[in-house]
Amino acid sequence: MNFLDQYRNPEMVRRLADRIHQRSTRPVRLMEFCGGHTVAIMKNGIRQLVPPQVQLLSGPGCPVCVTATADLNKAIGLARLPEVIVVTFGDLLKVPGSDTSLEKVRAEGGDVRVVYSVQDALGIAQKDPEKSVVFIGIGFETTAPTIAASILEAERRGMSNYYVLSLHKLCPPVMKALLDSKEVRLDGIICPGHVSTIIGSRPYEFISRDYGIACVVSGFEPLDILQCIEMLVKQIESGQPKVENAYPRAVRPEGNKEALKIMESVFEVSNANWRGLGEVADSGLRLKDEYRAFDAEEAFEISQRSVSDPEGCICGEILRGIKTPLDCKLFGKGCLPDHPVGPCMVSSEGSCAAYFQYGATSHER
């Protein structure tokens, strides 16, 4: 198929859905590890197309949602410093920290700016050399290479007022942590499409080999996701779990070697703090010693504020797949897109926002 519309062809969607119904003979639980997949599943009514015994669960795949409150407090602390400009992507502004948000700090006079690329952040730093510009680096392997490239570019330009607060996360380690916790039983994983364009499909091989769980990389159109689900059901029904790629137009087994090279030249693997999961070994990225001059945590004294999640919020349990947004007493009542209590209602890739926007109801659990 060459055109986007072909990936939404209603007749082909119906045929794939029929094949899934024919292949599926027993209950299975599939988790998507990408917020983009969660949104696509809800937006396109995929849950209504598959048999009721095929349960789709959201996992820790939204970069804004998995940013821990303690790390968000660091960003808020930076925004309160004089002569500091904090730049970030828009979704992060409304996420509540322990006692405020970046959006509220901005309303109080803090210099917090939304950008659409790290190039914008570099431009701000170059235009205002008297101030320090801190880019809040959240996201997975998808965004880390571009942020690494911005540091290399800042070094090349001789800039001394550009910094990164590195809160990056790595997907395969958190997948392992979730499986080791045994809190949720999974039969198959819809592997993240965007992340896989960078790391490829090989890093997931330990999941089928060590845990006996089926894995398929998926794109984001209805036919992509249904094909992925059919491949997963086929693996599970045959008792032969493995890693397959249903997104070959964007993902290669070895990934994007050039992007990985840039990322690995600037960052090194470290532990990371995840909302709902706590510290996960080797699941984050920090700047290598030779690039510490660009590290916001090295350059600024950031106060460590007390950490408490909002009362009644179950975002952590939703991110671990043990509850859904419909299990939350605040969903659609005290917690709304224009008045979010937790990050899963804030982010455009958050489970709660997707459930709310596309009208999920209690019978769709």
Side-chain angles (χ1 to χ4, degrees), residues 26-38 41 53-63 65-68 139-142 168-196 198-218 225 228-229 231-247 251 253 255 269-285 314-325 327 344 349 351 365:
R26 62 188 179 90
V28 297
R29 293 160 69 90
L30 312 179
M31 175 176 278
E32 73 266 6
F33 272 81
C34 178
H37 283 150
T38 300
I41 287 168
Q53 66 266 29
V54 176
Q55 185 177 4
L56 300 176
L57 298 171
S58 299
C62 163
C65 304
V66 298
T67 300
F140 301 111
E141 294 93 331
T142 319
H168 298 97
K169 306 286 193 295
L170 300 176
C171 276
V174 81
M175 290 174 162
K176 183 178 186 306
L178 199 68
L179 295 173
D180 285 340
S181 75
K182 299 180 180 177
E183 281 191 307
V184 58
R185 180 187 64 77
L186 298 178
D187 302 286
I189 292 176
I190 300 172
C191 296
H194 292 145
V195 166
S196 302
I198 304 298
I199 68 172
S201 57
R202 288 176 183 156
Y204 309 120
E205 290 176 351
F206 76 94
I207 297 174
S208 54
R209 183 188 64 233
D210 300 341
Y211 297 89
I213 293 175
C215 292
V216 177
V217 179
S218 176
I225 296 173
C228 171
I229 293 172
M231 293 165 74
L232 285 169
V233 169
K234 185 178 179 182
Q235 286 188 41
I236 296 164
E237 292 286 344
S238 68
Q240 297 179 325
K242 55 188 174 184
V243 178
E244 293 184 294
N245 183 11
Y247 196 26
V251 174
V269 173
S270 65
N271 296 347
N273 193 15
W274 295 67
R275 184 183 295 271
L277 289 150
E279 186 170 282
V280 177
D282 299 331
S283 68
L285 293 172
I314 63 167
C315 281
E317 291 156 289
I318 293 170
L319 292 168
R320 302 202 304 275
I322 58 177
K323 290 187 177 179
T324 78
D327 295 316
C344 294
E349 294 188 349
S351 299
R365 291 172 190 270

Value for SG (Cys65) from CH2 (Trp274), rounded to nearest 0.5 Å, stands at 11.5 Å

For a quick test of reading the model, state the closest non-hydrogen atom pair linking Val280 to Ala177 and the distance between them. CG1-CB, 3.8 Å

So which heavy atom on Leu170 is nearest to which on Pro173, and how close? O-CD, 3.5 Å

We want to know whether Glu279 and Asn273 form a side-chain donor-acceptor pair, criterion being a heavy-atom distance below 3.5 angstrom. no

Any non-hydrogen side-chain atom of Leu57 less than 4.5 Å from a side-chain atom of Leu186? yes

Heavy-atom pair with the smallest gap, counting every atom of Gln235 and Lys242: OE1-N, 2.7 Å

If I take atom OG1 from residue Thr324 and atom CD from residue Gln55, how far apart are they, to the nearest 0.5 angstrom? 9.0 Å

Side-chain donor-acceptor pair present, Tyr204, Ser196, cut-off under 3.5 Å: yes

Between Lys169 and Val66, is a side chain to side chain contact (heavy atoms under 4.5 Å, CB included) present by the stated rule, with each step listed? CA-CA 9 Å; Lys169 306 286 193 295; Val66 298; 4.2 Å; yes

Kindly compute the distance separating CZ (Phe33) from CE (Met175), expressed to the nearest 0.5 Å. 5.0 Å

Could you walk me through whether Cys344 and Leu319 pass the side chain to side chain contact (heavy atoms under 4.5 Å, CB included) check? CA-CA 8 Å; Cys344 294; Leu319 292 168; 4.1 Å; yes

Minimum heavy-atom separation for Glu141 to Cys171, with atom names? OE2-N, 2.9 Å

Can you list the steps and then say if Leu277 with Arg320 is a side chain to side chain contact (heavy atoms under 4.5 Å, CB included)? CA-CA 7 Å; Leu277 289 150; Arg320 302 202 304 275; 3.8 Å; yes

Considering all heavy atoms of both residues, which atom of Ile190 and which atom of His37 are nearest to each other, and what is their separation? CG2-ND1, 3.7 Å

Please step through side chain to side chain contact (heavy atoms under 4.5 Å, CB included) for the pair Glu32 and Ile225, ending with a clear verdict. CA-CA 10 Å; Glu32 73 266 6; Ile225 296 173; over 6 Å; no

Is it true that Thr38 and Glu349 share a donor-acceptor pair across their side chains at a distance under 3.5 Å? no

With heavy-atom distances below 4.5 Å as the criterion, would you say the side chains of Ser238 and Gln240 are in contact? yes

Give me the atom names and distance for the closest heavy-atom approach of Leu178 to Pro60. CD2-CD, 4.2 Å

How long is the straight-line distance from CD1 of Ile314 back to CG of Asp327, given to the nearest 0.5 Å? 5.5 Å

Rounded distance (nearest 0.5 Å) linking atom CD1 of Ile213 with atom CZ of Arg29: 11.5 Å

Side-chain touch Val216/Asn245, heavy atoms, less than 4.5 angstrom: no

Give a yes or no on whether the backbone of Gly316 and the side-chain of Arg275 come within a donor-acceptor separation of less than 3.5 Å. no

Results of salt bridge (Lys or Arg N to Asp or Glu O under 4.0 Å) for Lys234 - residues two or more places apart only: none

Side-chain contact, heavy-atom cut-off 4.5 Å: Tyr211 with Lys176? yes

Less than 4.5 Å apart, side chain to side chain, heavy atoms only: is that true for Leu30 and Ile236? yes

Interatomic distance, Ile198 atom CD1 to Thr142 atom OG1 [nearest 0.5 angstrom]: 6.5 Å

Check whether any side-chain heavy atom of Val54 lies under 4.5 Å from a side-chain heavy atom of Ile229, and answer yes or no. yes

Taking the side chain as every heavy atom from C-beta outward, state whether Ser270 and Asp282 have any atom pair closer than 4.5 Å. no

